[in-house]
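Any value given below was found using the heavy atoms of this structure, including those in side chains, with hydrogens, waters and symmetry copies removed.
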Amino acid sequence: QVHLVESGGGSVQAGGSLRLSCAASGYDRNLYCMAWFRQVPGREREGVASIDADGIVTITDSLKGRFTISKEDAKNTISLQLSNLKPEDTGMYSCAAEARRYFTCTHSNSRAMEYWGKGTEVTIGS
């Protein structure tokens, strides 16, 4: 059973930065797809960014230039660098993963992701 744990959330002022991490355990091989999603108050969950086992990255257009997803040295660990944060970035950021290579790994494929973390809260003050 794959277990995902997010960390790095917190409260910062607008214009600040945060670095979120997601570590997966319980799987000996490389997970095919790992991604970040967020739930902003009053809105549906949205995809933020994804990265597949080959390092191919997708980021939602509205966040390009401010958010960056990357792999960490530790196996099945990814990060999300959040920069120039805005109050509207406030929300719960969750990591998701899928082991099977049966779909195209993108941030819009939440339904294809089998494993989910509990999330880490991000609060941006104005």
Same apolar cluster (I L V M F W Y, side chains within < 4.5 Å links), [X]/[Y]:
{"X": "Val57", "Y": "Phe67", "result": "yes"}
{"X": "Met92", "Y": "Val40", "result": "no"}
{"X": "Val2", "Y": "Met34", "result": "yes"}
{"X": "Leu31", "Y": "Met113", "result": "no"}

Residue pair [X] / [Y], side-chain heavy-atom distance below 4.5 Å:
{"X": "Val48", "Y": "Leu63", "value": "yes"}
{"X": "Gln1", "Y": "Tyr115", "value": "yes"}
{"X": "Ile51", "Y": "Ile56", "value": "no"}

Carboxylate-amine/guanidinium contact Glu6 Lys118, below 4.0 Å: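 Salt bridge between Glu6 and Lys118, a charged N being under 4.0 Å from a carboxylate O: no.
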Grab the two heavy atoms, one from [X] and one from [Y], that are nearest each other, plus how far apart they are.
{"X": "Arg66", "Y": "Asn84", "result": "NH1-O, 3.0 Å"}
{"X": "Ala24", "Y": "Leu4", "result": "CB-CD2, 3.2 Å"}
{"X": "Asn76", "Y": "Tyr27", "result": "ND2-O, 3.5 Å"}

Approximate separation, where rounding is to 0.5 Å, of Arg45 CZ and Ser94 OG: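 Reported value, rounded in 0.5 Å steps: 7.5 Å.
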From CA spacing to verdict: side-chain contact (heavy atoms from CB on, under 4.5 Å), Val122, Thr90: CA-CA 5 Å; Val122 171; Thr90 293; 5.8 Å; no
Salt bridge (charged side-chain N to carboxylate O under 4.0 Å, His left out) evaluation trace for Asp61 with Lys64: CA-CA 5 Å; Asp61 287 343; Lys64 286 179 180 177; 3.1 Å; yes
Main-chain N/O of Asp28 paired with Lys75 side-chain donor or acceptor, under 3.5 Å: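 Yes: the side chain of Lys75 pairs with the backbone of Asp28.
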CA sep, side-chain torsions, deciding dist, call: Leu82, Asp89, side-chain contact (heavy atoms from CB on, under 4.5 Å): CA-CA 9 Å; Leu82 316 177; Asp89 293 319; over 6 Å; no
With a cut-off of 3.5 Å and sequence neighbours excluded, list every side-chain donor-acceptor pair involving residues 13-23.
| residue | atom | partner | partner atom | Å |
| --- | --- | --- | --- | --- |
| Gln13 | NE2 | Ser126 | O | 3.2 |
| Arg19 | NH1 | Gln81 | OE1 | 3.0 |
| Arg19 | NH2 | Glu72 | OE2 | 2.9 |

Candidate pair Ile69 and Ile78, rule side-chain contact (heavy atoms from CB on, under 4.5 Å), full reasoning: CA-CA 7 Å; Ile69 189 171; Ile78 62 172; 4.1 Å; yes
Could you pull out all donor-acceptor pairs under 3.5 Å where a side-chain atom in residues 97-107 meets a protein atom, sequence neighbours excluded?
| residue | atom | partner | partner atom | Å |
| --- | --- | --- | --- | --- |
| Glu98 | OE1 | Glu114 | N | 3.2 |
| Glu98 | OE2 | Arg100 | N | 2.9 |
| Glu98 | OE2 | Arg100 | NE | 2.8 |
| Arg101 | NH1 | Asp54 | OD2 | 3.1 |
| Tyr102 | OH | Ala112 | O | 3.2 |
| Thr106 | OG1 | Ser108 | N | 3.2 |
| Thr106 | OG1 | Ser108 | OG | 2.8 |
| His107 | ND1 | Thr58 | OG1 | 2.9 |

Candidates Trp36, Phe37, Tyr93 - the one meeting ring pair (Phe, Tyr, Trp, His ring centres under 6.0 Å) with Trp116: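 For Trp116, the ring pair (Phe, Tyr, Trp, His ring centres under 6.0 Å) test succeeds with only one of Trp36, Phe37, Tyr93, which is Phe37.
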